[in-house]
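Have a look at the structure below, then the notes.
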Amino acid sequence: IMKRRLATLATMLIFSAGCAPVLLHSTPRTVLIGNADAFNTVETQKLADEQCQKHNRYAIHRPDNTRDGKVAYECIE
């Protein structure tokens with residue numbers, strides 16, 4: 001049973017590692033992130049915050065109605 005649990009855990013880690021959010025585009029006013037879903041909203045916000053902070057701004061999520069795996073953030077002062 002323990003080997004099965006370890007195998008399952010290893011498989012989950014391998015698949016989740018490939019689903020990390022990625023920076024697609026960044027300007028001083030906007031950030032576009034790919035591989036975004038309901039399970040990594042904290043990571044996408046953190047990535048957007050890091051990009052906006054380079055310009056002394058902070059990131060605000062701008063939702064849309066498309067389910068394309070991309071999220072947009074606006075960098076505001």
Side-chain angles (χ1 to χ4, degrees):
I1 294 174
M2 184 61 86
K3 287 183 181 181
R4 181 179 290 166
R5 287 184 182 173
L6 286 174
T8 302
L9 177 61
T11 303
M12 288 173 38
L13 289 173
I14 290 169
F15 282 112
S16 66
C19 298
V22 294
L23 179 65
L24 298 177
H25 183 72
S26 179
T27 71
R29 297 202 180 257
T30 60
V31 177
L32 183 63
I33 299 173
N35 288 341
D37 59 32
F39 300 105
N40 62 12
T41 56
V42 172
E43 291 89 351
T44 59
Q45 180 71 49
K46 182 179 176 185
L47 183 56
D49 284 334
E50 289 170 357
Q51 293 300 309
C52 292
Q53 286 173 359
K54 292 178 182 179
H55 306 284
N56 297 317
R57 297 172 181 262
Y58 62 96
I60 299 294
H61 179 241
R62 296 300 182 202
D64 59 19
N65 291 327
T66 60
R67 295 183 180 226
D68 57 1
K70 298 175 187 171
V71 292
Y73 288 85
E74 182 179 357
C75 299
I76 61 173
E77 295 181 302

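Remember, predicted model here, so these are calculated numbers, not experimental data. Computation of the quantities below employed the complete heavy-atom set of this structure, encompassing side-chain atoms and omitting hydrogens, waters and symmetry-equivalent molecules.
Within the structure, ring pair (Phe, Tyr, Trp, His ring centres under 6.0 Å) contacts touching residues 38-77 (residues at least two apart or in different chains) are H61-Y73. Residues in residues 21-77 take part in these disulfide (SG to SG under 2.5 Å) pairs, two or more places apart or across chains: C52-C75.
For the atom pair CD (E77) and CZ (R29), the distance works out to 6.5 Å, reported to the nearest 0.5 Å. Within the model, atoms CG of D37 and CZ of R67 stand 11.5 Å from one another, a figure rounded to the nearest 0.5 Å.
Counting heavy atoms from C-beta on, the side chains of H25 and T27 come closer than 4.5 Å. For the pair E43/L47, no side-chain contact is recorded, criterion being any heavy-atom separation below 4.5 Å from C-beta on.
When each of I33, V31, L24 is paired with V71, the side chain to side chain contact (heavy atoms under 4.5 Å, CB included) condition holds for I33 and for no other.
Counting non-hydrogen atoms of neighbouring residues, nucleotides and ligands closer than 6.0 angstrom, the CZ atom of R62 exceeds 12 such neighbours.
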Quick one: do D49 and Q45 satisfy side-chain contact (heavy atoms from CB on, under 4.5 Å)? Show the steps, please.
CA-CA 6 Å; D49 284 334; Q45 180 71 49; 3.0 Å; yes
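Taking E50 as the reference, nothing meets the side-chain hydrogen bond (donor to acceptor under 3.5 Å, both in side chains) condition, with sequence neighbours excluded.
In this structure, T41 and A38 approach most closely via the heavy-atom pair CG2-O, 4.0 Å.
Under the 3.5 Å distance criterion, the side-chain polar atoms of N40 are matched with a main-chain donor or acceptor of N35.
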